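Remember, it's a predicted structure, so these values are computed and weren't measured experimentally. Ligands are counted one by one from 1 in listed order, and the atoms in each one are counted from 1 as well.
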Amino acid sequence: MNGCPNVEKNKKKKIVILGAGLAGLRLGARLSEKGFQVELHEKESFVGGLLQTIERNGFIFDLGPHIFFDEYLDYYQRLLGDDLLRLHALYGIGFDRKQIQSPINPINLIKKVSPLRSIPLVGGLASRALFGSDVSRAQSADEWVTAKFGDRANEYFFRYYIEKSTGLTSTNVSAHWCTERHRFYKEHNLWGRALKVLSRLLKRSTGAPLTLYYTKKGAQIIAEKMADGIKTGGGSIVLNSKIVEIGVDNHRVRDIQVESRDGGKRRVDADLFANTLPITTLWNLLLQNESVANTESPLNLKFRNLWLFYFFIKRPRLSDKVQIYFPEKKYVFKRIYEPKNLNPAMGAPETTGVCVEVGYTDGDAISTITEDELAARVKNEMADFYSLKPDEFLEYFSLKVPYSYPIYELGYEHELMRAATWLFNTDNIFSLGRQGLFRYDFMTNRVMESADALAEFILSGKTKMEFFKTPNAKAPFF
Ligand SMILES: Cc1cc2nc3c(=O)[nH]c(=O)nc-3n(C[C@H](O)[C@H](O)[C@H](O)COP(=O)(O)OP(=O)(O)OC[C@H]3O[C@@H](n4cnc5c(N)ncnc54)[C@H](O)[C@@H]3O)c2cc1C
């Protein structure tokens, strides 16, 4: 690379990346290998953001499961080498005190759930699979799910799950919540649909597990190895460096101000700035500038937080599923994941560990109760579902994860568009990643994609106007 004219030219350009989660690290890696002076600022004492791994009692836990499919597989193979794990995994849905397969398999449903509930449910699913469904007019998540899967499926599997995930009733959640999560779904003609349903029935009746990937050391190793690559390429990553101000002059970012743990502050300038912080955090920092505050107001966008409870249980396994979704209202949690089903080598053979996810929004009922109160409730409900006795619960610990999911409240697009428009008109700052785009993105495909698209754009030397005008421009960044 050295000696190549573009690399030499790029060496004069400095890019400051706000945040060292997956999006920031990927962008940093792509640009440092092309000769840019790359500097990442991260408020925590570690890299990775949501890719955080906790080791306890021989178990490796992440903040919820961090597994991936085969997008970017070559890259992960090169990055992780022997640490990459390929595995077959089952997902489940906890319903009617049974573990049923996910994605829903009609045969398994009929076997496990009472006919009174399963027959109308399967009927609704089958008729929509065969004759299609029109979701084009659905505004809310509730309307989308009903049109797509029928009333019963909505009532049993989606309504309360959406409520637990967002903190809103599903009639107040935008249909985008569903389209984002089912974005690979395509409408087919009648024959295509019939064949698909048939092949799915055959495949799923065997309970075919999914092939997926994980690492032997947890998800954070991905971030650590990416960070090593950036440093080797000459880039720098400044930890414990919280961005507390962004200086703006006439639609141009002048510099950022960072604060270290000891309270010391300094200004950092650059040619380009790439934001991966939550879009609301970015916006509040921009609003500190009079020139922005004169024309803009705070964004009405919210993120859902998670309170994760990690329990150690005196049983070799609680289930054979990597993760089980809990759509019923009676359970406060929405998902339980059991890492031993990702890597059986963890922990002692007679003990398992699980991570229980409870959603909350600042100021709601869950956010105001104590850790012990919530742990007791979670334990009671787990005991009910898994028939666990009190002495099978060993120790536990808990962790709060802010900014876990964007909340797609009806009308949120308008708010997001305000931020996107401001960023579009400001040539030297970009926003990307799950938090920076306010999108329900997974790490392997869309978060990496947004960083790659921005890297391509920066390397193209185009203006935002030129780039966004390009037909079919793939632009998952603002
Ligand atoms: C419970 C859960 C389970 C998940 N499971 C999967 C899965 O199985 N598979 C999958 O593909 N994806 C999964 N994901 C999604 C995945 O974690 C994210 O897509 C990805 O990690 C997002 O990366 P990011 O860089 O966009 O954001 P982040 O990781 O949030 O990075 C943003 C960074 O900015 C830093 N920051 C914030 N404010 C400041 C500030 N003021 N100054 C400096 N730094 C700051 C943060 O500390 C953080 O490091 C899951 C997510 C959650 C919440």
Item to check | Top protein contact for atom 31 (O) of ligand 1, by heavy-atom distance | outcome: Gly21 CA, 3.5 Å
Checklist entry - Should Arg97 and Asp384 count as an ion pair when the cut-off is N to O under 4.0 Å? => result yes
Checklist entry - For atom 49 (O) of ligand 1, which candidate among Met448, Glu42, Arg439 holds the nearest heavy atom? => result Glu42
Checklist entry - Does the side chain of Glu338 come within less than 4.5 Å of Ser319's, by heavy atoms? => result yes
Checklist entry - Which protein non-hydrogen atom lies closest to atom 25 (O) of ligand 1, naming both residue and atom, and how far is it? => result Ala23 N, 2.9 Å
Next on the checklist: Centre-to-centre under 6.0 Å for Phe61 and Phe312, is that the case here?
Outcome noted: yes
Checklist outcome for this item: Of all protein heavy atoms, the one nearest atom 30 (O) of ligand 1 is Gln435 NE2, 3.0 Å
Checklist outcome for this item: Among Leu212, Asn275, Leu277, closest by heavy atom to atom 40 (C) of ligand 1 is Leu277
Checklist entry - Is there a nitrogen or oxygen of Leu51 sitting under 3.5 Å from a nitrogen or oxygen of ligand 1? => result no
Item to check | Heavy atom of Leu18, distance to ligand 1 below 4.0 Å | outcome: no
Item to check | Those atoms of ligand 1 less than 4.0 Å from some heavy atom in Gly49 | outcome: 29 (O), 48 (C), 49 (O)
Checklist entry - Looking only at N/O atoms, are Leu63 and ligand 1 under 3.5 Å apart anywhere? => result no
Item to check | Sub-4.0 Å atoms of ligand 1 with respect to non-hydrogen atoms of Ser241 | outcome: 43 (C)
Checklist outcome for this item: Gly433 heavy atoms within 4.0 Å reach ligand 1 at atoms 26 (O)
Item to check | Leu432 N/O to ligand 1 N/O under 3.5 Å | outcome: no
Next on the checklist: Parallel, tilted or perpendicular: which one describes the rings of Phe467 and Phe457, with boundaries at 30° and 60°?
Outcome noted: perpendicular
Item to check | Donor-acceptor pair between Asn57 and Tyr310 side chains, under 3.5 angstrom | outcome: no
Checklist outcome for this item: Closest to atom 5 (N) of ligand 1 among protein heavy atoms sits Pro65 O, 2.4 Å
Next on the checklist: Strictly below 4.0 Å, N to O, side chains only: are Arg446 and Glu449 in salt-bridge contact?
Outcome noted: no
Item to check | Protein contact to atom 32 (C) of ligand 1 [nearest heavy atom, distance to 0.1 Å] | outcome: Thr276 O, 3.6 Å
Next on the checklist: Whether Arg26 engages the ring of Tyr72 as a cation-pi pair (distance to the six-membered ring centre under 6.0 angstrom, angle to the ring normal within 45°) should be assessed.
Outcome noted: no
Next on the checklist: List ligand 1 atoms under 4.0 Å from Gly48, heavy atoms only on the residue side.
Outcome noted: 29 (O)
Checklist outcome for this item: atom 52 (C) of ligand 1: of Glu44, Arg304, Arg434, the nearest heavy atom sits on Arg434
Next on the checklist: Residue-level breakdown please: for Leu306 versus ligand 1, do any non-hydrogen atoms fall below 4.0 Å on the side chain, on the backbone, on both, or on neither?
Outcome noted: side chain
Checklist entry - Considering only heavy atoms of Glu357, which atoms of ligand 1 have at least one such atom less than 4.0 Å away? => result 1 (C)
Checklist entry - Without hydrogens or angle criteria, can the side chains of Ser404 and Arg304 be said to hold a donor-acceptor pair below 3.5 Å? => result no
Next on the checklist: With nothing but distance in play, are any N or O atoms of Gly64 less than 3.5 Å from an N or O of ligand 1?
Outcome noted: no
Checklist entry - Do Arg377 and Glu381 meet the salt-bridge criterion of a basic N to acidic O distance under 4.0 Å? => result yes
Checklist entry - Got more than 12 heavy atoms from elsewhere within 6.0 Å of NZ, Lys217? => result no
Next on the checklist: Test of understanding: given a 4.0 Å heavy-atom threshold, classify the contact between Tyr405 and ligand 1 as side chain, backbone, both, or neither.
Outcome noted: side chain
Item to check | ligand 1 atoms in contact with Leu22 (distance to a heavy atom under 4.0 Å) | outcome: 23 (O), 25 (O)
Next on the checklist: Tell me whether Lys334 is salt-bridged to Glu357, with the criterion being a basic N under 4.0 Å from an acidic carboxylate O.
Outcome noted: yes
Checklist outcome for this item: Out of His41, Arg446, Lys43, His66, the nearest non-hydrogen contact to atom 14 (N) of ligand 1 is supplied by His66
Checklist entry - With a cut-off of 6.0 Å (strictly less than), are more than 12 heavy atoms of other residues, nucleotides or ligands near CG of Asn294? => result yes
Item to check | Donor + acceptor pair across side chains of Trp307, Ser398 (<3.5 Å) | outcome: yes
Next on the checklist: If I apply the N/O under 3.5 Å rule, does Ile243 come out as touching ligand 1?
Outcome noted: yes
Next on the checklist: Considering non-hydrogen atoms of the protein only, which is the closest contact for atom 21 (O) of ligand 1, and what is the distance?
Outcome noted: Leu50 CB, 3.6 Å
Checklist entry - Which one holds for Val447 and ligand 1: side chain close, backbone close, both close, or neither close, with close meaning a heavy atom under 4.0 Å? => result side chain
Next on the checklist: Among all the protein's non-hydrogen atoms, which is closest to atom 19 (O) of ligand 1, and how far away is it?
Outcome noted: Asp441 O, 2.9 Å
Next on the checklist: For a quick check under 3.5 Å, do Asn154 and Asp142 share a side-chain donor-acceptor pair by atom type?
Outcome noted: yes
Item to check | Ring centroid separation Phe309 to Phe333 under 6.0 Å | outcome: no
Checklist entry - Passes ring pair (Phe, Tyr, Trp, His ring centres under 6.0 Å), Tyr325 versus Tyr161? Steps please. => result CA-CA 8 Å; Tyr325 296 98; Tyr161 185 78; 5.7 Å; yes
Checklist entry - What residue and heavy atom of the protein are closest to atom 53 (C) of ligand 1, and at what distance? => result Ser404 O, 3.7 Å
Next on the checklist: With a heavy-atom distance limit of 4.0 Å, tell me whether Phe442 approaches ligand 1 through its side chain, its backbone, both, or neither.
Outcome noted: both
Checklist entry - What part of Arg335, side chain, backbone, both or neither, has a heavy atom within less than 4.0 angstrom of ligand 1? => result side chain
Checklist entry - Would you say the side-chain atoms of Ser260 and Asp262 include a donor-acceptor pair closer than 3.5 Å? => result yes
Checklist entry - Closer than 4.0 angstrom: is that true for some heavy atom of Ala219 and an atom of ligand 1? => result no
